[in-house]
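Written below as structure tokens is the structure these notes are about.
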Amino acid sequence: MTAVPAGSTGPRGLDLERLRGHLDAVRPGLVGGPLSGRLIEGGRSNLTYAVTDGSARWVVRRPPLGHVLATAHDMRREHRVIAALHGTAVPVPGPLLLCEDEEVLGAPFYVMEYVDGVPYRTAGQLEGIGPERTRRAVLALVDTLVDLHAVDPAAVGLGDFGRPEGFLDRQLRRWGKQLAASRGRELAGIDELHAALGRTLPASPAPTVVHGDFRLDNVLIGGPDDTIRAVLDWEMSTLGDPLTDLGLLVMYSSDLGLTDSPVSTTSRAPGHPDPAELVERYAARSGRDTGAIAWYTAFAWFKLAVILEGIHYRFTLGQTVGAGFDRIGELVPVFIDHGLTTLQEG
């Protein structure tokens, strides 16, 4: 997307003049010249913008336009967890400020440092770096997840970041409510999947900070060793069952069985470790029992089906920004079917 110079309102959802005024007021001297900004494509939920004054760069995060489920787009929580993890073994961008005054951009937002790196979103992108680098990047993703789950929440000020007791049951109820709030059509099998997950809840291990959407395209990879330079998109983070993150990673490392999908997994890239190897590496490095991973993976399929349905719902209302939303709705039944199959076979 073409950058929009100061003097215009900026990309949809980002008023550059109001942003500049706020930055000058709360961080005088931070901005040294006229601002320009662009929407960073790829996200399907919170909106992410790259902003520059011609010399320095920053990133602005805000909720989507229109139909907003507050529990899924809480800027304060996302900013808080990044600030807490900054300086730990978990790489995150440096947080700069949080603004909860909706008069500035029409919604709460926060600003963080810009981190150079590549979010590998598709198998095609990974093919470009070759099998050896692909394997290294995906295994590093598992190691970073282990590092996140090794952080002591209380030691970084996140001891009250969530309610771990009954976490899985609450998660199921929460995503059921999210589905109901964005449901504009019948979806065969989704109620069956929700009910089956509720009947087979596993016992959770000791709680940790969980990311909630941990996958390869939510990290930035860079440098000569393809290191993970930043973990992004903390909008669903909380304290809870760490295996929910692993189940999501397994789901995104599985083959959707589709071509040319707007939501893709990276599993077909040469050199990509298979899900079983990822689970084995996580278990060996974390010491956690991963015997119930099929349940956690089925839950990931369900959660993504609900998220995609919410995006589809916003698209039908004309409240999405960017390309690729017109095909999201057709993916939801695919995710439901994978969830049912995973749970039955597991």
To check you understand the geometry: which heavy-atom pair defines the closest contact between [X] and [Y], and what is its length?
X	Y	value
Arg18	Glu103	NH1-O, 3.0 Å
Thr134	Ala269	CG2-CB, 4.3 Å
Ser253	Leu278	OG-CD1, 3.2 Å
Val156	Ala84	O-CB, 3.3 Å
Arg314	Leu65	CD-O, 4.3 Å

Q) Taking the side chain from His194 and the backbone from Leu172, do they hold a donor-acceptor pair closer than 3.5 Å? A)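 Present.
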
Q. Is there a donor-acceptor contact under 3.5 Å from the side chain of Thr227 to the main chain of Gly222?
A.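 Yes, the answer is positive, given that a donor and an acceptor are paired below the 3.5 Å cut-off.
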
With a 4.0 Å cut-off on N to O distance, would you call [X] and [Y] a salt bridge?
X	Y	answer
Asp255	Arg268	yes
Asp147	Arg285	no
Arg20	Glu17	no
Arg136	Asp225	no
Asp213	Lys303	no
Arg215	Asp217	yes

Donor + acceptor pair across side chains of [X], [Y] (<3.5 Å):
X	Y	result
Tyr296	Asp241	yes
Thr48	Asn46	no
His272	Thr266	yes

Q) Does atom CD of Glu100 have more than 12 heavy-atom neighbours, drawn from other residues, nucleotides or ligands, at distances under 6.0 Å? A)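 Check passes, neighbour count above 12.
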
Q. Is atom CD of Glu102 surrounded by more than 12 heavy atoms (other residues, nucleotides or ligands) closer than 6.0 Å?
A.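 Yes, enclosed.
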
Q) Do we get Arg61 above Tyr49's six-membered ring, with its NZ or CZ under 6.0 Å from the centre and within 45° of the axis? A)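 Arg61 over Tyr49 ring: no.
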
**Q.** Lys/Arg cation over aromatic Phe109: Arg62, 6.0 Å, 45° cone
**A.**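 Arg62 over Phe109 ring: no.
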
Q. Would you say Val59 and Leu232 are hydrophobically clustered, going by side-chain heavy atoms of ILVMFWY under 4.5 Å?
A.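 Looking at the clustering, Leu232 is in a separate group from Val59.
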
(Q) Run the ring-ring contact (aromatic ring centres under 6.0 Å, His included) test against Tyr110 and tell me which residues pass, sequence neighbours left out. (A)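 Partners of Tyr110 by the ring-ring contact (aromatic ring centres under 6.0 Å, His included) criterion, ordered by chain and then number, come out as His79.
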
Q) Any idea how Trp295 and Phe299 line up, ring-wise: parallel (<30°), tilted (30 to 60°), or perpendicular (>60°)? A)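 Parallel.
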
Q | Gap between atom OH of Tyr114 and atom CG of Leu96 - 0.5 Å precision | A |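 Between Leu96 CG and Tyr114 OH, I get 14.5 Å after rounding to 0.5 Å.
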
Q. Which one of Arg185, Arg183, Gln178 satisfies the side chain to side chain donor-acceptor pair (under 3.5 Å) criterion with Glu309?
A.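 The passing option is Arg185.
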
